[in-house]
Amino acid sequence: MDTPLSTIAVVGLGTMGTGIAEVLARSGREVIGIDVDEAAARQAVASLEASTARAVERGRITEEERRDALARFRTFSDLQAAADAELVVEVVPESYEIKQQVFRELDAIVSPTTILATGTNALSVTRLAAESQRPERVLGLHFFNPAPAMKLVEVVSSVLTAPPAVEAVTELARLLGKEPVSVGDRPGFVADGLLFGYLNQAAAMYEANYATREDIDAAMKLGCGLPMGPLALLDLIGIDTARTVLEAMYSASHDRLHAPAPVLGQLAAAGLTGRKAGRGFYTYAGPGSQTVVPDALTPAPRGEEAAGRTVRSVGVAGSGTMASGIAEVFAKAGYGVVLAARGQEKADLAKARIAKSLDRSVAKGRLTEQVRDETLARITAAASLDAFAEVDLAVEAVAEDLAVKQQLFATLDKVCRPGAVLATTTSSLPVVAIARATGRPEDVVGMHFFNPAPAMKLVEVVRTVLTADDVHATVHEVCLKVRKHPVDCGDRAGFIVNALLFPYLNNAIKMVEEHYASLDDIDAAMKLGGGYPMGPFELLDVVGLDVSLAIEKVLHSEFRDPGLAPAPLLEHLVAAGCLGRKTGRGFREYARR
């Protein structure tokens, strides 16, 4: 390490610059805050005073530490104040012209050994470095918002950056309590490179009227465990900012998945840039507010549509994990459940799996023994679908194979009484093609549960062009009774969750193929920078690489977008039998049980 980096200048005291300054000041660094807008500088000081006061109240720092941190933060309106800085971090607006002007002026002010870092998340670090008199001392230092809380820092090297500069800044990030990830120079880097493609597709999904903004956001929060839905996140980031990042990504990749959805340009042009403007995809109580208020697009309370059919008993077809999980969900909610499999032995084993699940809930104090026994008593294990003769709702959870499901629904058509609702749990197949295997396609609907069904709150309700209104209403009513959150979507590949999730996973694989970043760095970036509960490669290995490949193929076949073509590395691993945790090896190796 060739410099201790004890005196650091931060140029641009907006939200991000102020956050970075706070992190540095609280770590013991002398911080020189610079902004041409004196009001912004005053606001930065006020923000630091307020945030450190809260830290004292919460017992995270002492009053003396607070005073010392405030004393280390000085603000100026002239770049000349950076003359003695060993590191300068610029976080001015995302414009080559503005950033290059800052770098040109700094070249004439700071020491030849000073490192110049850009906080860009969209522009080329190489292009900025090339116009500097010290390209070997220029790199990217991308913090995430809010900087004091977010652990990830992307350290971005260009082909011109000297390794000692990278080492110095990487060590600084560690000393700040951050997790530095070293990446190369491409728009979006790792975290935003994956995140913004996903956000763009969500915006396009909304623009196509495929699903409401509320259902898109709820689906990704409940189906993937994300802290925010994509449209709410776009409002937080700023729709104009997101569009700038996507434009930079598209100019570099020419991948249609990065071509900004037109709705982003329309909203930005109208000044509806998200929370900061008080309106974006949602409407807020005022500019800068996080409180969403009803507007013309807010869904009306349920109950105004057709009444649903009465459901007292449910049939679940299948003997796997999903089938037993769904049967458990309905039985817990008080429904009589017929669990039918191919043979009595398979049905009994599926019921035994439910018994074990209920026993675990009792052991954890979530259920009483009486409730467990009552729940199990509501489930009847049956050797064939003939036992569905009197059920009001039949739910299939068999193999994800169109021919298999069509054959099963043809049988349900003969067995189930008139008026019974027939539901498929498919995650990728066309529901209407399954419905047409019956003589009553109006009674057929998609009801996509997520695994493990007892724990996951989301159900995607997939209505075909033939599904009756009262069937759609029935499924909504049933979902609420079993304490699940229903979201509506049309009958197209991937529905909401998989259509947004799997292109993101595929793009992560492409990053590894291109040797841009390692598995570990990508997983860390998405967990620490995006708030994802699992990194993409952890998730792929859990889902199963064969399952993931099948969904990717379906998406590519339906939408015909070259960017959705499965990554060759995924195909190669599946061909080699490396399917993830279930085989002991996928993107990573696992200890065999």
Side-chain angles (χ1 to χ4, degrees), residues 179 181 190 194 198 220 222-226 318-329 346 349-350 352-354 356-357 359-361 363-364 397-401 425-428 448-458 494 497-513 517-528 530-555 566-593:
E179 295 284 346
V181 172
V190 173
L194 294 176
Y198 150 70
M220 298 313 293
L222 297 175
C224 296
L226 300 180
S319 58
T321 303
M322 182 59 82
S324 58
I326 293 171
E328 178 181 334
V329 166
K346 285 183 175 291
L349 287 172
R353 186 183 297 115
I354 297 171
K356 288 182 180 179
S357 174
D359 285 341
R360 287 194 294 271
S361 294
K364 294 175 182 176
V398 299
E400 192 73 346
D401 180 289
T425 61
T426 182
S427 63
S428 60
H448 180 213
F449 287 80
F450 287 74
N451 201 23
M456 299 295 281
K457 294 295 184 184
L458 180 68
V497 173
N498 286 348
L500 296 178
L501 175 64
F502 280 88
Y504 149 77
L505 296 174
N506 201 42
N507 284 338
I509 301 170
K510 291 177 183 177
M511 278 190 175
V512 171
E513 282 183 333
S518 69
L519 301 178
D520 291 343
D521 280 351
I522 294 173
D523 276 355
M526 297 316 296
K527 289 193 291 185
L528 299 174
Y532 282 61
M534 299 179 77
F537 297 101
E538 290 176 296
L539 182 56
L540 282 159
D541 279 352
V542 168
V543 170
L545 273 57
D546 51 341
V547 174
S548 301
L549 178 59
I551 293 172
E552 290 286 357
K553 286 181 174 178
V554 168
L555 291 172
L569 177 57
L570 178 62
E571 294 184 305
H572 295 163
L573 287 169
V574 171
C578 302
L579 308 182
R581 288 191 180 180
K582 59 189 175 186
T583 60
R585 183 178 176 187
F587 283 98
R588 294 185 174 90
E589 292 192 22
Y590 302 88
R592 292 186 180 274
R593 295 179 180 179

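Just so it is clear, the values below take in all heavy atoms, side chains as well, and ignore hydrogens, waters and symmetry mates. Note that the coordinates shown come from a computational prediction; the quantities given were computed from them, not determined experimentally.
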Apply side chain to side chain donor-acceptor pair (under 3.5 Å) to [X] and list each qualifying residue two or more places apart in sequence or on a separate chain.
{"X": "E552", "answer": "none"}
{"X": "S427", "answer": "E400"}
{"X": "K346", "answer": "none"}
{"X": "D520", "answer": "R588"}

Inset, instruction - Could you please spell out the steps behind the side chain to side chain contact (heavy atoms under 4.5 Å, CB included) verdict for D546 and K582? - result: CA-CA 11 Å; D546 51 341; K582 59 189 175 186; 2.8 Å; yes

So which heavy atom on [X] is nearest to which on [Y], and how close?
{"X": "F587", "Y": "L519", "value": "O-CD1, 3.3 Å"}
{"X": "Y590", "Y": "G586", "value": "CE1-N, 4.5 Å"}
{"X": "A397", "Y": "M322", "value": "CB-CG, 4.2 Å"}
{"X": "N498", "Y": "P503", "value": "O-CD, 3.7 Å"}
{"X": "G223", "Y": "F450", "value": "O-CD2, 4.3 Å"}
{"X": "R353", "Y": "T321", "value": "NH1-N, 4.0 Å"}

Inset, instruction - Evaluate whether atom NZ of K553 has more than 12 neighbouring non-hydrogen atoms of other residues, nucleotides or ligands under 6.0 angstrom away. - result: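 Atom NZ in K553 is not crowded, with 12 or fewer foreign heavy atoms closer than 6.0 Å.
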
Close side-chain approach of [X] and [Y], heavy atoms under 4.5 Å:
{"X": "S518", "Y": "V512", "value": "no"}
{"X": "I326", "Y": "P454", "value": "no"}
{"X": "M526", "Y": "E538", "value": "no"}

Legend entry - Non-neighbouring partners of Y198 that pass ring pair (Phe, Tyr, Trp, His ring centres under 6.0 Å), sequence neighbours left out: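 Counting only residues at least two positions away or on another chain, Y198 forms no ring pair (Phe, Tyr, Trp, His ring centres under 6.0 Å).
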
Inset, instruction - Test side chain to side chain contact (heavy atoms under 4.5 Å, CB included) on V190 and D521 and set out the steps. - result: CA-CA 8 Å; V190 173; D521 280 351; 5.9 Å; no

Inset, instruction - Calculate, to the nearest 0.5 Å, the distance between atoms CG and CG belonging to L570 and L549 respectively. - result: 5.0 Å

Inset, instruction - Supply the atom-to-atom distance D401 CG to T426 OG1, rounded to the nearest 0.5 angstrom. - result: 10.0 Å

Inset, instruction - Let me know which of L540, D523, L539 forms a side chain to side chain contact (heavy atoms under 4.5 Å, CB included) with M534. - result: L539

Inset, instruction - For the pair N507 (side chain) and L194 (backbone), establish whether a donor and an acceptor sit closer than 3.5 Å, ignoring hydrogens and angles. - result: no

Inset, instruction - Kindly say whether L573 contributes a backbone atom to a donor-acceptor pair with the side chain of R585 at under 3.5 angstrom? - result: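 Not at all, since once roles are kept as given, no pair shorter than 3.5 Å links the two residues.
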
Inset, instruction - Using side-chain contact (heavy atoms from CB on, under 4.5 Å) as the criterion, list what pairs up with T583, not counting sequence neighbours. - result: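 T583: side-chain contact (heavy atoms from CB on, under 4.5 Å) contacts with L579.
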
Inset, instruction - Check the pair V497, H448 against side chain to side chain contact (heavy atoms under 4.5 Å, CB included), reporting the backbone distance first and the verdict last. - result: CA-CA 10 Å; V497 173; H448 180 213; 5.9 Å; no

